[in-house]
Participant: 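Quick one: the structure is below, and I'll ask about it shortly.
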2 protein chains.
Amino acid sequence: METAPQPAFDLQDFLPYLLNQAAEATSRAFQTTYRAAYGMTRTQWRILANLGKFGAMTARDICAISHIEKTKVSRAVATLTAQGLITRSASPKDRRAELLALTDRGRTVFADLGQHAIRHDDALRAAIGQDAAASLHVTLRRIIALAEAPAKTGLPGQLAVNTPRSI
Amino acid sequence: METAPQPAFDLQDFLPYLLNQAAEATSRAFQTTYRAAYGMTRTQWRILANLGKFGAMTARDICAISHIEKTKVSRAVATLTAQGLITRSASPKDRRAELLALTDRGRTVFADLGQHAIRHDDALRAAIGQDAAASLHVTLRRIIALAEAPAKTGLPGQLAVNTPRSI
DNA sequence: CTGTAATAGTTGCATATGCAACCAAGTCAA
DNA sequence: TTGACTTGGTTGCATATGCAACTATTACAG
């Protein structure tokens, strides 16, 4: 007997794979910008951008918002602090937590990179078409939301594996 | 004077960022599968999947198809070989190159993981809706294609940065 | 042929990451 | 209060990764 007539798996149709390739391609392109200009890493740039957008907050908040590993945040914050881009001040409410905020220089850097990012994003949207870009935006957000609140979906937990909080 | 009225940058609308989050969320969920079952890494799984889909080929081909760094491929291939999942044989045409192919066990593993992957992908598509999934698929491919052939697009090279081949 | 440039892969090294274990501070019931 | 449990962050360690330098071939101009 031959093997059962299972549908063959094609990596080129596997969404996680395609998402990764697209993410890598677009992120790496922009990475050269903040890397060349400020020697920043992807994680650092994201934390800077989050602080720039939402204002002062704690490392824990950054983790919750951006889904970056706690240790990754911890180390990136240490580096950003050393570079004088952010300050850490003990939270008045909880002495365990530290409030993170951009310094003047941090704000300047954010403003600069933010403009580059906008141009980069515009170029990408133009290249794939505004309609496709808009719908991509919506779908990506939905996927991210699914991973965030797995319990609310009808998913068999496939997407939810290894989300420590939920166990 | 206040700062110029530049549009504020919002990370939550930045496609590279959203792509990364979605890619991470979906890939990590599936990662637990091949990791728990075969102790494989993401790169290893992808190489296995490429060989499973396209048949024997050289490391160079894998790089071209999957856009994985050559050193990453080199090391993953070494590991996969050590695990008895693939074999390497000198290419008859070019003594520098080595032809990579799945072993019987490699094919078995690929078949197994492939089925899991299909189920995983189906769950994801169902969760976001078939229409959205289909259009996502198309858009992602387009983005990937843009990065591959930057010269053909009207892009100002934004997406094309650091593609060694092109310089 | 012969010397130079390009190519397939590998490896050294410095950095980035993930996970588990670990502090210190807060919470809460009894 | 006190003692068990949770939570914000950090650190140790093993692994993964990126880039540059290097070896072995192959390609090719003259």
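The chains referred to below are lettered A, B, ... by the order of the sequence lines, with proteins before strands, and numbering in each begins at 1.
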Participant: To the nearest Å, give me how far apart CD (Glu98(B)) and C1' (dT10(C)) are.
Facilitator: 11 Å
Participant: Checking contacts here: which listed nucleotide (dG18(C), dT17(C), dC19(D)) is nearest the side-chain heavy atoms of Thr41(A)?
Facilitator: dT17(C)
Participant: By side-chain contact (heavy atoms from CB on, under 4.5 Å), which residues pair with Ala36(A), not counting sequence neighbours?
Facilitator: none
Participant: Taking only residues two or more places apart in sequence or in another chain, which ones pass side-chain hydrogen bond (donor to acceptor under 3.5 Å, both in side chains) with Arg96(B)?
Facilitator: Asp94(B)
Participant: Counting just side-chain N and O atoms, does Arg42(B) come under 4.0 Å of either OP1 or OP2 of dG18(C)?
Facilitator: no
Participant: Got a sec, which residues hit side-chain contact (heavy atoms from CB on, under 4.5 Å) with Thr87(B), two or more places apart in sequence or on another chain?
Facilitator: Ala101(B), Thr103(B)
Participant: Round to the nearest Å and state the distance from Glu24(B) atom CD to dA16(C) atom P.
Facilitator: 17 Å
Participant: Identify whether the distance between the nearest side-chain nitrogen and carboxylate oxygen of Asp13(A) and Lys53(B) falls below 4.0 Å.
Facilitator: no
Participant: Distance check needed: dT17(D) P versus Arg46(B) CZ, whole Å only.
Facilitator: 9 Å
Participant: In whole angstrom, give the distance that lies between atom CE of Met40(A) and atom P of dA16(C).
Facilitator: 13 Å
Participant: Starting at CG of Leu99(B) and ending at P of dA8(C), how long is that distance when rounded to a whole Å?
Facilitator: 14 Å
Participant: Let's see if you can work this out: which of dT17(D), dG18(C), dG9(C) has an atom nearest to the side-chain heavy atoms of Thr43(B)?
Facilitator: dT17(D)
Participant: Taking only nitrogen or oxygen atoms into account, show me every contact under 3.5 Å that the protein makes with nucleotides 20-25 of chain D, one pair per line with its distance.
Facilitator:
residue, atom, partner, partner atom, Å
dT25(D), O2, Arg96(B), NH1, 3.1

Participant: Under the salt bridge (Lys or Arg N to Asp or Glu O under 4.0 Å) rule, what pairs show up with a residue in residues 61-87 of chain A, not counting sequence neighbours?
Facilitator: none
Participant: Which one, dC19(C), dT17(D), dC19(D), comes nearest to the side chain of Glu69(B)?
Facilitator: dC19(D)
Participant: For Gln83(B), enumerate each residue passing the side-chain contact (heavy atoms from CB on, under 4.5 Å) test, keeping only those at least two apart in sequence or located in another chain.
Facilitator: Gln44(B), Thr79(B), Leu80(B), Leu85(B)
Participant: Any residue in residues 72-93 of chain A with a heavy atom nearer than 4.0 angstrom to DNA chain C? Just list them by number, or reply none.
Facilitator: Lys72(A), Arg75(A)
Participant: Using atom CD1 of Ile68(A) as one end and atom P of dA16(C) as the other, report the distance to the nearest whole Å.
Facilitator: 14 Å
Participant: Not counting sequence neighbours, which residues clear side-chain hydrogen bond (donor to acceptor under 3.5 Å, both in side chains) with Asp121(B)? List them please.
Facilitator: Arg125(B)
Participant: If you check every side-chain atom of Arg60(A), which of dA8(C), dA16(C), dG9(D) has the closest atom?
Facilitator: dG9(D)
Participant: When you match Asp61(A) and Arg35(A) each to their closest nucleotide on DNA chain D, which lands nearer the 5' end?
Facilitator: Asp61(A)
Participant: Can you tell me how far P of dG18(D) sits from NE2 of His67(B), to the nearest Å?
Facilitator: 14 Å
Participant: Minimum heavy-atom separation for Phe9(B) and Gly114(A), please, with both atom names.
Facilitator: CB-CA, 3.7 Å
Participant: Distance-only check: which donor-acceptor pairs under 3.5 Å involve side-chain atoms of residues 127-136 of chain B, not counting sequence neighbours?
Facilitator:
none

